[in-house]
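A quick write-up on the structure given underneath.
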Amino acid sequence: MILIPIIGLLVGVLFAFVLRLGPIPGTMGQYLAISCLAGLDTVCGGIRSALEQKFRSDVFITGFFSNCLIAFFLSWLGDKILINLFLAVALVLGGRIFNNLSLIRRFMLTKWNDNRERKEMQAALQASANAQIESNS
């Protein structure tokens with residue numbers, strides 16, 4: 001399940017390299033940038049939920065598109081009412097991305113430490129079992 005958001009991200013990057021559309025002008029570039037941030041936020045959230053074993057593909061897909069559309073709409077609305085909501089949306093999405101990445105990092109470190117401790121415990125049990133066998137011989 002964790003592969004779905006990662007594969008989606010890789011397909012998007014490959015798609016961008018294949019199309020090579022060039023720079024996107026002005027305001028449309030801002031809209032696309034904020035939509036990309038929203039998509040990256042959703043991908044990070046999908047990876048996090050997969051690591052927590054709570055991933056659901058329907059929630060991920062609907063969240064991806066709705067987050068991109070909402071971020072796009074807020075940026076567009078900010079342009080129409082002459083308030084730069086682009087920065088506010090970028091700040092919120094950036095905070096969510098960093099939060100998700102820190103939770104992913106913590107989860108991975110905890111899992112790694114648990115595996116290491118389990119191996120040390122198994123080695124200690126094996127050593128004590130071997131010592132008990134030798135003392136009985």
Side-chain angles (χ1 to χ4, degrees):
M1 287 296 178
I2 193 169
L3 292 177
I4 292 174
I6 294 172
I7 290 171
L9 183 63
L10 292 175
V11 167
V13 168
L14 288 174
F15 189 64
F17 279 120
V18 169
L19 286 181
R20 293 186 187 225
L21 296 174
I24 299 172
T27 308
M28 286 306 289
Q30 275 190 336
Y31 296 155
L32 183 61
I34 206 69
S35 292
C36 287
L37 269 177
L40 185 59
D41 171 52
T42 306
V43 169
C44 289
I47 292 170
R48 182 182 126 200
S49 65
L51 289 172
E52 294 172 347
Q53 297 180 351
K54 297 177 183 177
F55 182 82
R56 290 184 39 207
S57 59
D58 57 339
V59 173
F60 174 75
I61 291 169
T62 57
F64 182 84
F65 289 110
S66 64
N67 286 350
C68 290
L69 288 173
I70 290 168
F72 182 90
F73 175 73
L74 284 175
S75 294
W76 174 81
L77 180 64
D79 282 345
K80 295 302 175 195
I81 61 175
L82 301 176
I83 297 175
N84 197 357
L85 291 179
F86 170 81
L87 294 176
V89 172
L91 182 68
V92 169
L93 290 174
R96 287 173 45 114
I97 290 168
F98 281 116
N99 185 38
N100 281 331
L101 289 176
S102 70
L103 291 171
I104 290 168
R105 177 187 51 83
R106 259 189 234 127
F107 182 83
M108 297 300 282
L109 283 174
T110 302
K111 189 174 181 181
W112 183 72
N113 284 332
D114 288 347
N115 284 337
R116 188 183 55 158
E117 288 175 6
R118 187 179 311 119
K119 287 179 183 178
E120 289 173 359
M121 183 77 83
Q122 286 174 346
L125 286 173
Q126 185 67 34
S128 70
N130 289 342
Q132 181 114 20
I133 291 172
E134 288 177 7
S135 69
N136 289 339
S137 301

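Cluster membership check: V92 does not share its hydrophobic cluster with L85, using side-chain heavy-atom separations under 4.5 Å among Ile, Leu, Val, Met, Phe, Trp and Tyr. Hydrophobic clustering (side-chain heavy atoms under 4.5 Å, transitive across Ile, Leu, Val, Met, Phe, Trp, Tyr) groups W76 together with I81. The cluster map of Ile, Leu, Val, Met, Phe, Trp and Tyr, joined by side-chain heavy atoms under 4.5 Å apart, puts V18 and L10 in different clusters. Transitive grouping of hydrophobic side chains (ILVMFWY, heavy atoms separated by less than 4.5 Å) keeps L101 and L103 in distinct clusters. L69 and V59 fall into different hydrophobic clusters, defined by Ile, Leu, Val, Met, Phe, Trp and Tyr side-chain heavy atoms under 4.5 Å apart, directly or through other members.
Note that OG of S49 is 9.0 Å distant from CD1 of I104, once rounded to the nearest 0.5 Å. The distance from atom CG of L125 to atom CG of N130, rounded to the nearest 0.5 Å, is 11.0 Å. From I7, atom CD1 reaches atom CG of L14 across 11.5 Å, with rounding to the nearest 0.5 Å. The CG atom of L77 sits 12.5 Å away from the CD1 atom of I70 when rounded to the nearest 0.5 Å. Note that the CG atom of L93 and the CD1 atom of I34 stand 5.5 Å from one another [nearest 0.5 Å]. Rounded to the nearest 0.5 angstrom, R116 CZ and N113 CG are separated by 4.5 Å.
Annotation: side-chain contact (heavy atoms from CB on, under 4.5 Å) contacts of F98 (sequence neighbours excluded): none. When the side-chain contact (heavy atoms from CB on, under 4.5 Å) test is applied to F72, the partners found at least two apart in sequence or on another chain are Y31, S35.
Q53 CD: 12 or fewer foreign heavy atoms inside a 6.0 Å radius. Annotation: F65, atom CZ; neighbour count of heavy atoms from other residues, nucleotides and ligands within 6.0 Å does not exceed 12.
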**Request:** Go through the steps to decide whether N100 and I47 satisfy the test side chain to side chain contact (heavy atoms under 4.5 Å, CB included), and finish with yes or no.
**Result:** CA-CA 9 Å; N100 281 331; I47 292 170; over 6 Å; no
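In this structure, C68 and G39 approach most closely via the heavy-atom pair SG-N, 3.7 Å. Considering all non-hydrogen atoms of both residues, T42 and F60 come closest at O-CE1, 3.5 Å. In this structure, G63 and S66 approach most closely via the heavy-atom pair O-OG, 3.3 Å.
Side-chain atoms of R118 and N115 form a donor-acceptor pair, as typed in the model, at a separation below 3.5 Å.
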